[in-house]
Amino acid sequence: FLELAFSNPGVGGANLQVLSSSDGDFQVYNSATSAYTTFYGEGFSEDPLSNPTGTIYSVDFFVSDHREATVSNINWSAAGFLSAIAAFYDDGNDAPLLALLSLQDIIFDSSASADGALGFDFSQVTSNVTFIGSAFGDDLTGGFGNDTIITGGAKQGQEDRYFVSGGSD
């Protein structure tokens, strides 16, 4: 979901456009992938990409107007998150993003996904992650925290693949 939301395949950083912004939420559109991302929190500026202010509490990821995932139980500065995404997609540096993901326990909910949650690797994340799977084949690697994995019950002919690492998953 991050790649669809923030990447421009084959080129690098996404061509993000702000669709709406208020103090409590803002939505961006990635024209390269037709993905929408809505950030919820407080203190956002009128132009959150050029002047990122405020705190993000949850994020919804959409593809073709269908919610694919929600990340919640977070408390990230908008500037820190956007900087971490730029470091990852522009420079290949995942350290800032991993640091954000490890700040506090997070909830990753892909129960509404129409495609399954594929390739989620939390193996370097030290916080506890609660992962709620989809009704399709999910692929997840747990992290160093005590992760909770709630399967979505993959449909017949598909399978969930969960790998665990340090911590008590």
Side-chain angles (χ1 to χ4, degrees), residues 1-7 16 19-28 30 35-45 48-49 52-63 65-89 93-136 138-154 160-169:
F1 73 96
L2 286 178
E3 187 169 312
L4 285 173
F6 303 114
S7 172
L16 296 179
L19 296 180
S20 65
S21 180
S22 71
D23 179 67
D25 63 60
F26 69 93
Q27 185 174 59
V28 296
N30 182 349
Y36 296 85
T37 306
T38 304
F39 299 84
Y40 301 95
E42 62 184 1
F44 300 130
S45 70
L49 297 180
T53 62
T55 303
I56 301 169
Y57 299 135
S58 67
V59 184
D60 284 340
F61 298 91
F62 297 87
V63 176
D65 295 327
H66 183 86
R67 184 173 58 85
E68 290 293 319
T70 298
V71 176
S72 61
N73 201 45
I74 56 176
N75 190 340
W76 299 338
S77 81
F81 178 74
L82 293 172
S83 176
I85 289 296
F88 183 69
Y89 285 106
N93 179 5
D94 64 357
L97 186 57
L98 291 172
L100 279 177
L101 291 169
S102 297
L103 277 177
Q104 70 272 311
D105 298 347
I106 61 173
I107 299 169
F108 177 85
D109 182 352
S110 67
S111 60
S113 175
D115 300 313
L118 303 175
F120 289 95
D121 185 349
F122 294 103
S123 62
Q124 299 301 310
V125 175
T126 59
S127 65
N128 301 327
V129 175
T130 297
F131 177 83
I132 303 169
S134 73
F136 299 91
D138 299 323
D139 181 18
L140 167 80
T141 300
F144 288 111
N146 297 326
D147 303 323
T148 300
I149 300 170
I150 302 167
T151 65
D160 291 328
R161 295 175 6 132
Y162 298 108
F163 300 95
V164 295
S165 57
S168 178
D169 299 340

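If you read the sequence from its start, that first residue is 1, and numbering goes on from there. Values in this document were obtained by computation on a predicted structure and should not be read as measured data.
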Distance-only donor-acceptor pairs under 3.5 Å for side chains of residues 73-85, two or more places apart:
residue	atom	partner	partner atom	Å
N73	ND2	D105	O	2.8
W76	NE1	L100	O	3.1
S77	OG	G80	N	2.8

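- Annotation: side chain of I106 is not in contact with side chain of T130 (no heavy-atom distance under 4.5 Å).
- Side-chain contact between F44 and D23: absent, with no pair of heavy atoms (C-beta onward) separated by less than 4.5 Å.
- Across all their heavy atoms, N93 and A95 have their closest contact at OD1-N, 3.0 Å.
- For the pair S127 (side chain) and G145 (backbone), a donor-acceptor distance under 3.5 Å is absent.
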>> Could you go through S113 and E68, starting from their C-alpha distance and side-chain angles, then the distance that decides it, and tell me whether this counts as side-chain hydrogen bond (donor to acceptor under 3.5 Å, both in side chains)?
In response: CA-CA 4 Å; S113 175; E68 290 293 319; 2.7 Å; yes
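- Side-chain N or O atoms of N128 include one that pairs as donor or acceptor with a backbone N or O of N146 at under 3.5 Å.
- Between Y89 atom OH and D94 atom CG the span is 11.0 Å, to the nearest 0.5 Å.
- Of the residues listed (F61, Y57, F26), the one engaging F39 in a ring-ring contact (aromatic ring centres under 6.0 Å, His included) is F26, and it is the only one.
- Distance OG/S123 to CZ/F144: 7.0 Å, rounded to 0.5 Å.
- Residue D109 holds its CG atom at 11.0 Å from OG of S58, rounded to the nearest 0.5 Å.
- Heavy atoms only, all atoms of each residue included: T37 and A5 are closest at OG1-CB, 3.3 Å.
- Residue Q104 holds its CD atom at 10.5 Å from OG1 of T126, rounded to the nearest 0.5 Å.
- Residue R67 holds its CZ atom at 11.0 Å from OG1 of T38, rounded to the nearest 0.5 Å.
- Side-chain atoms of N30 come within 3.5 Å of backbone N or O of S7 as a donor-acceptor pair.
- Summarising the geometry, atom CD1 belonging to I149 is positioned 12.0 Å from atom CD1 belonging to I132; distances are rounded to the nearest 0.5 Å.
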>> Evaluate D60 against Y36 for side chain to side chain contact (heavy atoms under 4.5 Å, CB included), listing each step before the verdict.
In response: CA-CA 8 Å; D60 284 340; Y36 296 85; over 6 Å; no
